[in-house]
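Just so we're on the same page: letters track the sequence lines, and every chain starts at 1.
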Amino acid sequence: MKKRFSIFFMALLTMAVLGGCGADGTGESSEDHSSKESVAESSDVQASEASSGEAQEGPVYGGSVVVGIQQDIDSLDPHKATAAGTKEILFNIFEGLVKPDENGNLICAVASDYEISEDGLVYTFTLRDNVKFHNGNVVTCEDVKYSLERVSGLLDGTPLISTMKAIQSVDILDDKTVQVTVGAANTELIYSFVAAIIPAGSGEDEAANPIGTGPFSFVSYTPQEGIVVEKNPDYWQEGLPYLDKVDFKIVNSPDSALLELQGGSIDIYAYLTDSQANELKDTFQVISSPSNVVQALFLNNAAEPLDNVKVRQAICYALDKDMVNEFVAGGNGTIISSAMLPTLKDNYVDLNDVYGTTANVEKAKELLTEAGYPDGFDLEIAIPSNYEFHMQTGEVVVEQLKAAGINATIKAVEWSTWLDEVYNGRQYQATISGITCDMTPGYLLNRFQTDSKKNFINFANEEYDALYQKAQAALDPVLKAGYYADLQKLLCEEAGSAFLQVPANTTAISKKLAGYKFYPVYVQDLSTVYYAE
Amino acid sequence: MKKEKKGKWNKYLVAGLLMTGLAVVLGIVGFFWTPYSTTAMSAAEKFNPPSLRHIFGTDNFGRDIFSRVMQGCSTTILISTLVVLVSGTAGILLGAITGYFGGILDEIVMRITDAVNGFPSILLTLVIISLLGTGKQNVIISLSIVFIPSYVRIVRSEFIRLRDADYIKRARLMGVSRVRILFVHILPNIFSVFWVSVMIGFNNAILAESGMSYLGIGVQPPDASLGKMLSDAQGYLQSAPWYALAPGLTIVWIVLGFSLFSEGIRRSQDDKN
Amino acid sequence: MKYFGKKLFTLIMTLFLVSVAAFLAFQIIPGDVVTSILGTEATPEREEQLREELGLNKPPVVRYFSWVGDVLKGDLGVSYRYSKNMNEMMPVKELVGDKLPVTLWLAAVSLVFIIVVSIPLGVLWARSASRATDKLGHFLDAALGVITQTTMAIPSFFLGILVTYLFGILFKFFTPGGYISYKEDFWGFLGYLLFPALSIALPKIAMTARFLRNSMLTELKSDYVRTAYSKGCTRRRVLYGHVLRNAMMPVVTFLGMIVAEIVAGSIVIEQVFGLPGIGRLLISSISTRDFPVVEILILYITFVVIFVYFLVDILYRIIDPRISEK
């Protein structure tokens, strides 16, 4: 165990302190290498799914695909877009200095290399040669400075990405080097530099088109219908993208998504339900991968009778997570008991033994009796009605709680109402929802601090707050991971909420296509997708 | 000739009564007892096609669809009856007062009913549900509000027609109180007209309730409702078409039965006159 | 003339009331536009900035009247929610203008269905009913009665699902949900519209045919028919020359009301078939609290409904001058 940790330590240290993109640090070559590797990997997926032989013939350039998406775009401004459904598309148009890869690591994008000072306060980025915006202009340090100042609020006093508030100054050292100074050391800040680089001044002018450096450039957007992008011929990654055109089409419901897949009017759809996946498994490549969403029966720790830890624990015991997973996710979900994605392997601890993954009605009733509710109580679960997945989970959960004597009811609310009353107003007893995580390990744990603005479950635990402060201050990744493990345990044992599962993203891909990569974060990368003739 | 015609009216009445009766019995029984639990789930019984054990098959949670249809019938009929009761009573009161007295109150009420009528009814229920929240009683309240104007219009026009009738004038001269004139002298005389709109109103209430549940703003799961079952079933149309057909055909059955029934009553009334 | 003045006044009053009601409703219902747009991840500064951009920091009364002022000047405002491009929000006029053709074409195709089928059907029906002694006539009358009753009992969403299942999944005549934009391929667009239009038209066909039958039977009993027969007119001439023409007048007004209903947006059918029309825009704008869009759509729908009723009213006056004397 010790040894394994030290290997992680070495790896993380190399990445975080020596900076750069990969151990050898030479940007360009390592980049090419990694992209080739991933194409090969995806081809393997293809080969195992479809008939062999296609992989050897290799990718074919050209063609267009239609990708079904669930929600409308909230903004085409990459810094102002907040919806996950928008970011997954804009990933194809915009890039930051760094970007995530399919393994959950950061790779260099607009920057070819970066360095972080020992004290964690100074970030030095070296720009990649000849990265061009979609308008043909080469990315300069001015563009980087403008973009970073815009998101951090240095430009007009309105920070657009909260973690970027830490930036104190952005200085241009020479025509290839930008230095960023931050107020406090935070080893996780580097993940925020995925923020898009846009042309200097473009946020203010009346440019008709969003301009970035990504593999695809923007063509058109029609509200309620979708967004069309086309190949960026000058993309800095040699040989990418393969496709000429991608049409992200909004489908109005998962039901019509299924029908459209069957009818051939969309080629790729990433959010299939289990039963849909079953219907498509013969005609499509259907692949499941863990999402970056933590689904839970969130309990308002300040609402009676959930302010009693025994009641919360009773609920955790009463739930049969295996059954939830089976009914709503077809067994493809990953069961969890605290707020960390299992895909973030270095920081995740498995706590599923604490309450077990099947129902323990005896124990639940015992705890309820101890808490003074031998006959159970009434529980109203507010669920955003636009999420069929959460609504179905609600039906299963209500049935399971009934067995333990808890009389639960579902209150379906509109998403806007949910945000207003449940998330911001905290006027609720329990809710079923999902919280999305980015690649930063501490991201999910951060919100459960007593004073956090995002602590919508009103979790209040001084020990937790103190531990989080220590974790935040720790520069050593292993130490940090240890604190994170303690935090997860505390949250689980105190039954802050009843964590259920990390649902799988089940994606259907046309059998004609190959090269689709799965990310541990919420993105759809179309740059590596190609037609295998 | 006459006899033959009479036979035809009875056919409407009999068919209507039989269909409505079956649905009502199913609903009443479903209120107290169903062959299987309407909520118990079973992974082993998912999507069973109709069989002797489950005559309408089972759904995505392995629940018996027939039991849920029974419960859905009872919910739908109960809600629709209450909606007709509430909106009909309110319609009579408002229509009687505005029709008989006229004046500024009449003007105000009519403008409001115009506005409510102009508003698409789905939209109005959507707004009211957003205000009140979901739940059975809020469905009843919102549908009642939506349906009041139609009753007001009919009652009002009847009261306007009758307020100047000779026997009412005489009653006024004899010093009969206003309330008595309104509800003892005029009201019984509009019932034949009012009944027809109540019949239509009941059917509209059933369609509206299932429509709301279909859009997810009506009865909340895990309670069964015909409309919600339909919207859930839509995603499984290809693999489990029975899931959609069972609640859908049940709605058609209730509505058709009731309209045959009211057609039958209308025709037998025509015959009497 | 006084009549028109009064009607116009009523129209304006109703529109005003409706707009106030919608505005008030948006003040009361839970859900804040800013959080609804920005979600859970935005910084407080950004929320404040957006609130100011949208003018939400002014008092409600000021906002309402500045909105009324803008609308009277012909400026319908911009959507809170839909952006046109990176920096501009979508003008409501463009957004609605983009969706309106879908709804209007849907209405047109449905109306064609209704007219083409219901009128011959109604005439056939009336003819059968008027020959009740004839065995075939009697059978047809009864059969059509049952069929139309049944059709009218099917709720629109179930009909939509049935049409999807039959024509989309079993017969594969069309791809359910595979809507084709009218801008890309107009004929493909119309082809797709056939099926939602069919779902809208079926119950209306039953209603119209039923209405036409009853209207014709009433006409057949009137004096002029007897006179025409006694003058030696053929049955055909009486039926098509006199009866149908007179019976059509109330049917036309009935059709008018149906048009009003469809043009106002078939929310449910658009939802079932995934048509990006007025109805769907309305539903999604309500759920995202996109007030400028909702307000305009509600006004549009109210206007269409009232205006068509108004036309119907005028038509009645033309047919029956006695009404206007009252």
Side-chain angles (χ1 to χ4, degrees), chain A residues 72-78 80 82-84 153 156-162 165 198 202-211 218 221-225 250-253 255-260 262-266 386 413-421 423-425 435-436 453-454 456, chain C residues 29-50 79 81-90 94-95 98-99 161 164 168-169 172 174-181 183 270-277 280-281 283-290 293:
Chain A
D72 211 333
I73 313 294
D74 67 332
S75 171
L76 287 168
D77 183 329
K80 289 185 177 170
T82 45
D156 58 0
T158 306
L160 298 174
I161 297 173
S162 51
K165 279 194 259 188
I198 57 173
S202 65
E204 263 57 52
D205 74 30
E206 295 295 308
N209 294 324
I211 291 167
F218 174 80
Y221 163 63
T222 317
Q224 283 196 307
E225 285 173 37
I250 298 160
V251 289
N252 65 326
S253 72
D255 305 337
S256 52
L258 176 72
L259 297 169
E260 289 200 45
Q262 287 166 333
S265 60
I266 55 181
N386 51 328
V413 294
E414 276 185 284
W415 179 239
S416 308
T417 310
W418 188 88
L419 283 173
D420 198 31
E421 288 185 346
Y423 192 83
N424 288 328
I435 44 178
T436 44
K453 188 183 160 242
K454 293 178 180 173
F456 69 105
Chain C
I29 54 177
D32 172 28
V33 208
V34 171
T35 38
S36 152
I37 294 171
L38 294 179
T40 55
E41 300 299 314
T43 60
E45 291 89 346
R46 171 73 187 127
E47 283 179 8
E48 200 40 55
Q49 187 191 39
L50 187 67
S79 161
R81 187 66 200 212
Y82 293 109
S83 45
K84 191 177 180 183
N85 52 49
M86 201 159 163
N87 299 302
E88 267 180 282
M89 294 314 282
M90 194 68 150
E94 265 178 63
L95 190 65
D98 199 44
K99 308 295 168 198
I161 291 175
T164 307
I169 295 179
K172 301 211 184 301
F174 76 109
T175 309
Y179 166 78
I180 303 154
S181 170
K183 281 170 273 182
E270 286 180 11
Q271 200 75 12
V272 174
F273 286 92
L275 289 174
R280 240 183 97 200
L281 181 65
I283 294 282
S284 67
S285 302
I286 289 179
S287 68
T288 53
R289 307 284 184 265
D290 194 347
V293 179

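- Heavy atoms of C:Leu281 lying under 4.5 Å from chain A belong to its backbone as well as its side chain.
- Residue contact with chain A, scored on non-hydrogen atoms closer than 4.5 Å, is absent for C:Ser79.
- When heavy atoms are compared at a cutoff of 4.5 Å, A:Leu258 does not approach chain C at all.
- For A:Ser416, there are no side chain to side chain donor-acceptor pair (under 3.5 Å) partners, not counting sequence neighbours.
- Taking every heavy atom of both residues into account, A:Asn424 and C:Thr35 meet most closely at ND2-CG2, 2.9 Å.
- When heavy atoms are compared at a cutoff of 4.5 Å, A:Leu160 approaches chain C by way of both its backbone and its side chain.
- With sequence neighbours excluded, the residues that form a side chain to side chain donor-acceptor pair (under 3.5 Å) with C:Glu94 are C:Lys84.
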